[in-house]
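Structure, as structure tokens:
Not measured: the values here are computed from a predicted model.
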Amino acid sequence: MTPRPTPATLTLVLALIAQAIMAGLTVGFAGPVDPLRDPVSDYAWHHGGRFLFTLAVLLLLAAAVTLAVAARLAALPLPPRVIVLFGLWAAGLVVVAVFPSNVSAADPTTSGSIHRAGGAVLFASLPSAAWALSIRLRSEARWLGVAPLVRRGAVAGVVTATAFGVAQVVGWLPAGLLERLALLAEFLIIATVATAARRGVDAGMPAGDAATAPVARRADR
């Protein structure tokens, strides 16, 4: 009998498919959508692009759900701040999917402004959540082995998201490329947290295990 995939494994698969779709859009629409300058949401304004772009966002939302289940099964220590930031990331994905971007930067719309705000939230919140989670993981012996993995994903997310944010006000920076790198970093964050959750389950440490004693009660900051 074939074993059923775990929520952590399913998270990795969903996120990987979403990233593959984005990579395919980057290659397939390299002519009309400049991957160095144009945002990924511009794919939605080309034939076939809207469906694939929306599908990628929906797959990330599905990955968010399965990641939450995986984290609960592994009893990942999730401070309230991490839960709020993770929820904001998911909300940002919903906003980006529901509200179309501007057709042109020279013709701003209300929907485009909302889309832009949703993008800012999702790029800022997931790296922040991963950073806060990595700090918490370092305070418990059970998670010391995976804390650096989550921290590396968080660092990649913070650096790329910051660079993309700077590109919004520094015109000569390749905003399109930096956005795509930030999306790749978001995939890495999802992958590292899912891997941490899977290792926790594989180690046979169920939720509520009394053996999870903290090595240091550091303040959650």
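The line from CG of N102 to OG of S111 is 7.5 Å long, rounded to the nearest 0.5 Å. A distance of 10.0 Å separates CZ in F187 from OG1 in T192, rounded to the nearest 0.5 Å. Taken from CD1 in I189 to CG in L149, the straight-line distance is 11.5 Å, to the nearest 0.5 Å. Note: L122 CG to L93 CG = 5.5 Å, rounded to the nearest 0.5 Å. Between the CZ atom of F53 and the NE2 atom of H46 there is a distance of 12.5 Å, given to the nearest 0.5 Å. Separation of atoms CH2 (W131) and CG (L85) is listed at 14.0 Å; rounding is to 0.5 Å.
The hydrophobic cluster containing L188 does not contain F86, counting ILVMFWY residues as joined when their side-chain heavy atoms lie under 4.5 angstrom apart, directly or transitively. Hydrophobic clustering of Ile, Leu, Val, Met, Phe, Trp and Tyr side chains at less than 4.5 Å, counting indirect connections, unites W89 with V95. Connection of L184 to L126 is not established within any shared hydrophobic cluster, with ILVMFWY side chains joined at heavy-atom distances below 4.5 Å, either directly or through further cluster members. A continuous path of ILVMFWY side-chain contacts below 4.5 Å connects V166 to L183, so both sit in one hydrophobic cluster. In the hydrophobic clustering of this structure, V158 does not group with V170; members are Ile, Leu, Val, Met, Phe, Trp, Tyr whose side-chain heavy atoms approach within less than 4.5 Å, directly or through other members.
Judged by distance alone, the side chains of T6 and T9 do bring a donor and an acceptor atom under 3.5 Å apart.
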Side chain to side chain contact (heavy atoms under 4.5 Å, CB included) between F123 and E186, intermediate numbers included: CA-CA 8 Å; F123 280 123; E186 297 237 321; 4.0 Å; yes
Side chain to side chain contact (heavy atoms under 4.5 Å, CB included) between L76 and V193, worked out: CA-CA 9 Å; L76 274 173; V193 177; 4.2 Å; yes
Audit row: V84, L88, side chain to side chain contact (heavy atoms under 4.5 Å, CB included) steps and yes/no: CA-CA 6 Å; V84 170; L88 286 173; 4.3 Å; yes
Residues T195, V146; criterion side chain to side chain contact (heavy atoms under 4.5 Å, CB included); working and verdict: CA-CA 8 Å; T195 300; V146 296; over 6 Å; no
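Not one N or O on the side chain of T54 forms a donor-acceptor pair closer than 3.5 Å with the backbone of F51. Although no hydrogens or angles enter the test, the distance criterion places a donor-acceptor pair under 3.5 Å between the side chain of E179 and the main chain of V40. R180 places a side-chain N or O within 3.5 Å of a backbone atom of G176 that can act as its donor or acceptor partner. Within the 3.5 Å criterion, the main-chain N or O of P100 finds no donor-acceptor partner in the side chain of H115.
You'll find the side chain of L137 reaches within 4.5 Å of the side chain of P77, heavy atoms only. Under the 4.5 Å side-chain criterion, counting only non-hydrogen atoms from C-beta, P35 is not in contact with L177. The side-chain heavy atoms of L178 and T160, taken from C-beta on, include no pair separated by under 4.5 Å.
In summary, of the residues considered (L60, L12, L59), a side chain to side chain contact (heavy atoms under 4.5 Å, CB included) with I17 occurs for L59 alone.
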With a 3.5 Å cut-off and sequence neighbours excluded, list the donor-acceptor pairs that the side chains of residues 18-29 form with protein atoms.
from : atom 1 : to  : atom 2 : distance (Å)
T26  : OG1    : M22 : O      : 2.9
T26  : OG1    : Y43 : OH     : 3.3

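Atom CZ of R116 has 12 or fewer heavy atoms from other residues, nucleotides or ligands within 6.0 Å.
Here the closest heavy-atom approach between residue T11 and residue A194 is recorded as CG2-CB, 4.0 Å. Between D42 and S101, the shortest heavy-atom distance links the atoms OD1-OG, 4.4 Å. Minimum heavy-atom separation, A90 to L61: O-CD2, 3.6 Å. Of all heavy-atom pairs spanning A15 and A63, the tightest one is N-CB, 4.2 Å. Between P127 and A154, the shortest heavy-atom contact is O-CB, 3.9 Å. The two residues R151 and I135 make their nearest non-hydrogen contact at NH2-CG1, 3.6 Å.
Annotation: cation-pi geometry satisfied between R50 and W45 (NZ/CZ under 6.0 angstrom from ring centroid, within 45° of ring axis).
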